[in-house]
Each structure stands twice: as C-alpha cells, then as structure tokens.
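Side-chain atoms are counted along with the backbone in the values below, which use heavy atoms only and exclude waters and symmetry mates.
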Amino acid sequence: MNLGFDLDGVFADWNSAYYKLLLREGDSRFPPDFDPQDPPTWDWDGYFGYSPEVGTKIWKESIIPSKTFWRKLLPLEGAKECLLKIN
C-alpha cells in the first residue's frame, strides 16, 4: 500500500516561507501582529490586498525555479512526532 501526504501547511510551514517572499516584494500590507501560522483566511495574501499577479510572480520567480524552497520549509509543531508514529 502507498500513502501520500500533503506536506505544506500540514507537516511543513509553507505559510511562513511564502510570507517572507511577500515581504521581499515590498509594500508590506500585514498588521504588526500578523502570524503566518494563524492567518485569518485561506487566501490570506489576497485578504491583505496582494494581487493574484504578485502571487504568480513569486511562484514563477522564487518557488518554481528554486532547488531548495521545499526542502527548507520548517516543520510545524508536532510534525516530526506525527511522522514517526505514521512510519
């Protein structure tokens, strides 16, 4: 039997990595107390006023061509223990 697991946002902290890329675009639209691990909505970049074009630019220029983006995502709290139990 083969199982597949969604890693980003489940076991790996994709939100914090994407948040840092958004901040590199300049013109931060996030409140000072924003926590990317606890966003107010699924489409949180759009919620804070970033256009779909900004997201597309980040994907095309920073995420897709990167050889390390996915490997450098930090684990979410409890992820290691959970994966050990699954294994």
Side-chain angles (χ1 to χ4, degrees):
M1 172 178 18
N2 293 318
L3 297 174
F5 295 94
D6 183 11
L7 296 179
D8 55 315
V10 178
F11 292 108
D13 184 9
W14 185 88
N15 281 359
S16 292
Y18 184 64
Y19 172 69
K20 288 176 186 173
L21 293 174
L22 282 169
L23 291 178
R24 283 192 350 203
E25 288 298 308
D27 186 30
S28 175
R29 301 169 184 199
F30 298 102
D33 62 344
F34 176 69
D35 179 1
Q37 290 186 9
D38 188 25
T41 182
W42 174 262
D43 180 28
W44 53 272
D45 53 349
Y47 177 84
F48 288 108
Y50 287 93
S51 70
E53 291 80 19
V54 170
T56 298
K57 178 183 177 193
I58 289 172
W59 273 95
K60 286 183 177 180
E61 295 179 6
S62 299
I63 297 174
I64 292 171
S66 174
K67 296 181 188 302
T68 59
F69 177 83
W70 297 101
R71 287 185 282 176
K72 287 186 173 183
L73 294 179
L74 298 174
L76 290 172
E77 185 177 338
K80 289 180 182 180
E81 296 80 8
C82 184
L83 287 170
L84 286 171
K85 288 181 181 182
I86 291 171
N87 189 30

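Phe48 and Arg29 make their closest contact through O-CB, 3.1 Å (heavy atoms, listed as atom of the first residue, atom of the second, distance).
With hydrogens and angles disregarded, a donor-acceptor distance shorter than 3.5 Å links the side chain of Asn15 to the backbone of Pro36. For the pair Ser51 (side chain) and Val54 (backbone), a donor-acceptor distance under 3.5 Å is present.
Heavy-atom neighbours of Phe34 CZ from other residues, nucleotides or ligands within 6.0 Å: above the threshold of 12.
Using bins of under 30°, 30° to 60° and over 60° for the plane-to-plane angle, the ring pair Trp44/Tyr19 lands in the tilted bin. Under the 30°/60° scheme for interplanar angles, the aromatic rings of Trp14 and Phe69 are found to stand perpendicular.
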- Message: Determine whether Leu22 and Ile58 satisfy the following criterion, side chain to side chain contact (heavy atoms under 4.5 Å, CB included), listing intermediate values before the conclusion.
- Response: CA-CA 8 Å; Leu22 282 169; Ile58 289 172; 3.5 Å; yes
- Message: Run the ring-ring contact (aromatic ring centres under 6.0 Å, His included) test on Tyr18 and Tyr50 for me, step by step, so that the C-alpha distance in whole Å, both residues' side-chain angles and the decisive distance to 0.1 Å come before the verdict.
- Response: CA-CA 12 Å; Tyr18 184 64; Tyr50 287 93; 8.5 Å; no
- Give the C-alpha distance, both sets of side-chain angles, the deciding distance and a yes or no for side chain to side chain contact (heavy atoms under 4.5 Å, CB included) between Glu77 and Gln37. CA-CA 10 Å; Glu77 185 177 338; Gln37 290 186 9; over 6 Å; no
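Leu74 and Leu21 sit in two unconnected hydrophobic clusters of ILVMFWY residues. Membership requires side-chain heavy atoms under 4.5 Å apart, directly or through other members.
The shortest side-chain heavy-atom distance between Ser62 and Arg24 falls under the 4.5 Å cut-off. Taking 4.5 Å as the limit, some side-chain heavy atom of Asp13 sits within range of a side-chain heavy atom of Leu76.
Chaining together hydrophobic side chains whose heavy atoms lie under 4.5 Å apart places Leu7 alongside Met1, Leu3, Phe5, Val10, Phe11, Leu83, Ile86.
With rounding to the nearest 0.5 angstrom, the OG1 atom of Thr56 is 6.5 Å from the CD atom of Glu53.
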